[in-house]
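Remarks on the structure that follows.
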Amino acid sequence: MQPTTQTQFPVREHFLGFGSPLIEEPEIDEVVDTLRSGWLVTGPKVARFQEMFKQYTGAQHALAVNSCTAALHLSLIVAGIKPGDEVITTPMTFCATVNTILHAGATPVFADCDRDTMLIDPQRIEDAITSRTRAILPVHLCGRPCKMDAIVDIARRHNLIVIEDAAHAIESVYKGGKIGTIGDLTAFSFYATKNVATGEGGMVTTNNSEFADKIRIYSLHGMSKDAWKRFSREGYKHYQVVFPGFKYNMMDVQAAIGLHQLARVEQNLRKRNRIWQRYNEAFAELPLGLPAPDECETVHARHLYTLMVDKERCGMSRDEFMEHLHAAKIGTGVHYIGVHLHPYYQERYGYKPNDYPNAAWISERTVSIPLSPKLTDVDVEDVVETVRALPFKSRARAHATAG
Ligand SMILES: Cc1ncc(COP(=O)(O)O)c(C=O)c1O
């Protein structure tokens, strides 16, 4: 890195993009093989990818779709969520979590998150339950599993469905249970920045055969037979439309990438862990808030490494922090600005920022720095050096959270 006259810290030669996927030769060869096969849409590779995901999570069913948004929407629909129902979720999530509740015709009800873990607080879930509550939708933000023992217990006591948003949590484990096997339905994302990336893509896992059958049908127009079976060598089969379904099926081109991405996910997690530890130790003396320590008996998927930049302590806002990193050619992300702070939700439900004070607090301070198996040691040290060279007001630690 070269120091510049404009800034007090070194600047990289090339921009380090935030969340760029690590695509290797096996994925490229598999996609080429798919293209040469002439079978681009839902076919044998989707079937293989589903089987592989089922084995990986230990769930009884894995249904591939074209996004996690589709996975959430279908999960809500097959769980019978309908207009008039309430679904409790966290405001500290991506908008898709909440939009799908609206698409199912139901009302999202927020339960604030914990300030340190950024995860939905089970006590607030309990407080938010009404006679109209039908489901709880926890989000394993950044790859950190939610307190599933408490959430499942609340669901059992109140006869609620649990649908998990595991967009960040492919590798996560909660107290011996792999994420994907705990709630009634779990939705995963294979969006380009995710720990398994297929460009766009998603998966639902469930141990409920009725839900699985319905998802298979709903994801392809509501047709009783999927396309590749209709046109297979066994001969043409008529289809019947049994529900008004959606066009949410995954393509073989996507599954071709996913097969090899998933094969390397645990190896990549070891690299993600090394980067995580390096950041924790490198930033330990800075006035930044670091990720909370892991809860016992959990595996964190290390999807996002988030820092809290408090203007008072740091002498710079989160946005100024991001500008500094950008000037040093390091990409960053914000995960997230609370959903209750976005105009649509504010206008529709009249939310005020402090209705969910922890989510509002995090929204102002959170920033994610690069964390990917694609990072070289030099990339990681560039991030470390740049953050350590920032003009913080003081060097005092924000709070002792490094795990
Ligand atoms: C927490 C969360 N939920 C849902 C989604 C939606 O995933 P997809 O882009 O696969 O639809 C995302 C995507 O970023 C996410 O981060």
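In each ligand, atom 1 is the first atom listed, and ligand 1 is the first ligand listed. One-based numbering along the sequence shown.
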Report task. Given salt bridge (charged side-chain N to carboxylate O under 4.0 Å, His left out), test Arg36 with Asp33 step by step and report yes or no. Result -> CA-CA 5 Å; Arg36 289 196 201 288; Asp33 177 72; over 6 Å; no
Report task. Kindly state each residue pair satisfying salt bridge (Lys or Arg N to Asp or Glu O under 4.0 Å) with at least one member in residues 347-368, sequence neighbours excluded. Result -> Asp310-Arg365
Query raised in the report: For Tyr351, what residues pass the ring pair (Phe, Tyr, Trp, His ring centres under 6.0 Å) criterion, not counting sequence neighbours?
Result: Phe110, Tyr349, Tyr356
Query - Side-chain heavy-atom pair Asn195, Asn268 within 4.5 angstrom cut-off - result: no
Query raised in the report: With a 4.5 Å limit on heavy-atom distance, are the side chains of Ser317 and Val309 in contact?
Result: no
Would you mind listing each N/O atom of ligand 1 next to any protein N/O under 3.5 Å, plus the distance?
residue, atom, partner, partner atom, Å
ligand 1, 3 (N), Asp165, OD1, 3.3
ligand 1, 3 (N), Asp165, OD2, 2.6
ligand 1, 10 (O), Cys68, N, 2.9
ligand 1, 10 (O), Ser189, OG, 2.7
ligand 1, 11 (O), Cys68, N, 3.3
ligand 1, 11 (O), Thr69, N, 2.9
ligand 1, 11 (O), Thr69, OG1, 2.5
ligand 1, 14 (O), Lys194, NZ, 2.7
ligand 1, 16 (O), His168, NE2, 2.7
ligand 1, 16 (O), Tyr336, OH, 2.7

Report task. Mind checking side chain to side chain contact (heavy atoms under 4.5 Å, CB included) for Glu281 and listing every partner two or more places apart, or none if nothing turns up? Result -> Arg278
